[in-house]
Amino acid sequence: MAELRVKVTGIEFRNPVLTAAGPNVRNGEMMLKAFEGGAGGVVAKTVSVRPARDTRPTIRKTVCRGLVNCETWSELPFEAMLEEYRKVKDAGIPLIVSIGYTPKDMRQLGPIIEREVEPDAIEFSTHYSGRSVEPLVEVAKALRESVNLPIWMKISPNLPDIEELAVKASPFVDAFVAINSYGPVLDFDVETGEPILGSEYGQGWLSGQAILPIALRIVHQVTSVQAKPVIGVGGIERGKDAIKFFMVGASAVQICSAAIRYGHSIYGKVAKEIEKWLDEHGFSSVDEVRGLFKEKLKSRKKFDGIPVMHIEESKCTGCKLCVRACVHSALYMDGDVAKVIPENCIGCGYCQDMCNFGAMWLVER
Ligand SMILES: Cc1cc2nc3c(=O)[nH]c(=O)nc-3n(C[C@H](O)[C@H](O)[C@H](O)COP(=O)(O)O)c2cc1C
């Protein structure tokens with residue numbers, strides 16, 4: 001059986017599937033339940049110097065199995081959260097406390113949390129700290145000057161230059177977490193035209209499966225430009241989703257939306273699926289798949305010119321899905337098998353994804 005234990009910034013986790021800050025970990029009881037549900041460790045809901053006051057409704061469904069939310073940070077005063085963290089610490093569970101947002105907030109909250117809670121690390125959210133690089137680096141610096149604990153910097157996807165931020169913040173943090181929810185975005189009720197969220201403009205932040213490819217791109221960028229570990233988050237629902245994050249360089253993953261949608265058992269389910277996938281593919285640990293995408297990106301064979309689709313006739317079942325999907329009119333049925341019209345095929349590759357039988361691949365012309 002593959003080894004699931006991972007060590008990130010000196011913290012040992014029994015598996016690489018952690019909670020992400022959100023309502024799924026809003027208090028001690030929820031954090032304990034997340035651990036019972038199989039989480040490798042717990043990242044708590046973000047607290048700040050003042051409790052948040054969010055106008056309702058705050059969490060709704062949107063397209064592509066996504067969620068939109070206008071929940072900001074914890075509505076509990078941080079003094080009250082200190083008690084909640086202790087429940088997790090007392091149970092011996094790896095605990096990462098999440099705080100936000102300004103350099104002043106870091107200097108105030110960091111030392112209190114370090115002294116009163118002694119968590120394993122502090123994650124800080126940059127979601128409401130500005131949209132340019134320098135102010136966010138200032139937040140990182142302020143926390144570095146205030147605590148000795150490992151620091152995890154959580155990156156929002158809504159920044160123009162992620163790579164510059166990662167490079168400039170790296171000296172002040174021990175790890176990055178990518179990504180927070182994407183946006184702002186807008187969705188509403190088509191029957192009535194009414195907003196579905198209580199925020200001022202009806203806008204919110206997008207999370208869940210809809211943002212997974214955005215998160216993969218950003219984790220790949222951050223792991224490519226600096227050497228500190230990165231914890232991937234965004235749209236993870238299955239073991240395979242997590243494996244993709246490891247392949248772009250992540251050391252662990254976090255889950256929020258899928259825990260809202262499916263409950264606390266999601267963490268253990270994803271961890272088991274990671275183990276199964278590793279076993280089935282002959283890998284003995286998460287370490288062995290880490291960065292695989294980066295290697296393949298370098299070593300992949302590029303076509304000399306425009307390739308053409310090949311159909312392995314012995315594997316074609318005649319289902320016609322590829323023919324229906326070809327927007328270039330390059331495929332037709334010849335009796336029970338699909339055939340290619342090479343002069344029409346532009347080698348886009350889309351029909352290959354329609355074939356459930358592995359009968360199609362691109363070849364040199
Ligand atoms: C309702 C809700 C509340 C959230 N609250 C926080 C928060 O307090 N702090 C934070 O850093 N991220 C927060 N997030 C972002 C998540 O931690 C996570 O980064 C993001 O949703 C992407 O992961 P997911 O697709 O697994 O949800 C929240 C997300 C949702 C959906």
Side-chain angles (χ1 to χ4, degrees), residues 2-6 8 13-22 24-25 34 37-43 61-69 152 154-157 162 175-183 205-224 229-283 285-297 353 356:
E3 175 62 81
L4 281 193
R5 274 176 304 181
V6 293
V8 185
F13 299 103
R14 63 182 175 175
N15 70 57
V17 185
L18 317 180
T19 65
N24 44 313
V25 280
V42 170
V43 180
K61 281 199 321 193
T62 185
V63 297
C64 304
R65 291 222 296 287
L67 298 180
V68 280
N69 85 85
W152 295 8
K154 185 157 179 188
I155 293 183
S156 294
I162 298 282
F176 291 91
V177 179
I179 57 175
N180 211 311
S181 41
Y182 179 85
W205 302 101
L206 182 65
S207 65
Q209 284 264 289
I211 66 166
L212 186 138
I214 302 172
L216 287 176
R217 185 260 296 169
I218 292 177
V219 171
H220 175 56
Q221 283 181 299
V222 179
T223 52
S224 299
V230 178
I231 296 101
V233 51
I236 297 169
E237 290 191 347
R238 304 165 306 169
K240 275 186 192 178
D241 302 329
I243 295 282
K244 281 189 177 173
F245 279 88
F246 302 137
M247 286 182 170
V248 290
S251 301
V253 293
Q254 297 181 355
I255 296 179
C256 176
S257 295
I260 296 172
R261 199 173 265 257
Y262 304 113
H264 302 290
S265 60
I266 190 75
Y267 312 106
K269 182 196 94 95
V270 171
K272 277 208 187 78
E273 288 174 2
I274 293 170
E275 186 179 52
K276 187 162 177 271
W277 192 96
L278 292 172
D279 287 342
E280 284 174 359
H281 291 76
F283 294 107
S285 71
V286 167
D287 280 344
E288 287 186 4
V289 284
R290 181 166 317 115
L292 195 67
F293 170 77
K294 291 182 196 299
E295 285 169 32
K296 297 284 175 181
L297 191 61
D353 290 339
N356 295 316

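At a threshold of 4.5 Å between non-hydrogen side-chain atoms, the residues Leu278 and Ile243 count as touching. At a threshold of 4.5 Å between non-hydrogen side-chain atoms, the residues Ser156 and Trp205 do not count as touching. The shortest distance between side-chain heavy atoms of Asn15 and Ile274 does not fall below 4.5 Å. A 4.5 Å side-chain heavy-atom check between Asp287 and Arg290 finds at least one atom pair inside the cut-off. Contact annotation: the side chain of Val219 never approaches that of Phe176 to less than 4.5 Å [non-hydrogen atoms, C-beta and beyond]. The shortest side-chain heavy-atom distance between Arg65 and Glu237 falls under the 4.5 Å cut-off.
Using cut-offs of 30° and 60° on the angle between ring planes, the pair Phe283 and Trp277 is parallel.
One finds the CG atom of Leu18 at 5.5 Å from the CH2 atom of Trp152 (value rounded to the nearest 0.5 Å). Within the model, atoms CD1 of Ile266 and CD of Glu273 stand 7.5 Å from one another, a figure rounded to the nearest 0.5 Å. Atoms CD1 and CG, on Ile179 and Leu212 in that order, are 8.5 Å from each other to the nearest 0.5 Å. To the nearest 0.5 Å, the span separating CG on Leu4 from CD on Glu275 amounts to 4.5 Å. One distance of note links CD1 of Ile162 with NE2 of His220; it measures 13.5 Å at 0.5 Å rounding.
Sparse packing is recorded around OH of Tyr182, with 12 or fewer heavy atoms of other residues, nucleotides or ligands lying under 6.0 Å away. Atom NZ of Lys244 has 12 or fewer heavy atoms from other residues, nucleotides or ligands within 6.0 Å. More than 12 heavy-atom neighbours from other residues, nucleotides or ligands sit within 6.0 angstrom of NZ on Lys294.
A donor-acceptor pair under 3.5 Å links the side-chain atoms of Thr19 to the main chain of Val43, judged by distance alone. Without hydrogens or angle criteria, Thr223 side chain to Val248 main chain gives a donor-acceptor distance under 3.5 Å. Using a distance-only test at 3.5 Å, with no hydrogens or angles considered, a donor-acceptor pair links the side chain of Arg14 to the main chain of Ala39.
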TODO: For Val233 and Phe245, run side chain to side chain contact (heavy atoms under 4.5 Å, CB included): C-alpha distance rounded to whole Å, both residues' side-chain angles, the deciding distance at 0.1 Å, then the answer.
DONE: CA-CA 8 Å; Val233 51; Phe245 279 88; over 6 Å; no

- [ ] Evaluate the criterion side chain to side chain contact (heavy atoms under 4.5 Å, CB included) for residue pair Leu216 and Met247; output intermediate values, then yes/no.
- [x] CA-CA 9 Å; Leu216 287 176; Met247 286 182 170; over 6 Å; no

Open item on the list: Between Gln209 and Asp241, does the side-chain hydrogen bond (donor to acceptor under 3.5 Å, both in side chains) criterion hold? Intermediate values first, please.
Closed with: CA-CA 9 Å; Gln209 284 264 289; Asp241 302 329; 3.2 Å; yes

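In this structure, Ser181 and Pro157 approach most closely via the heavy-atom pair O-CD, 3.3 Å.
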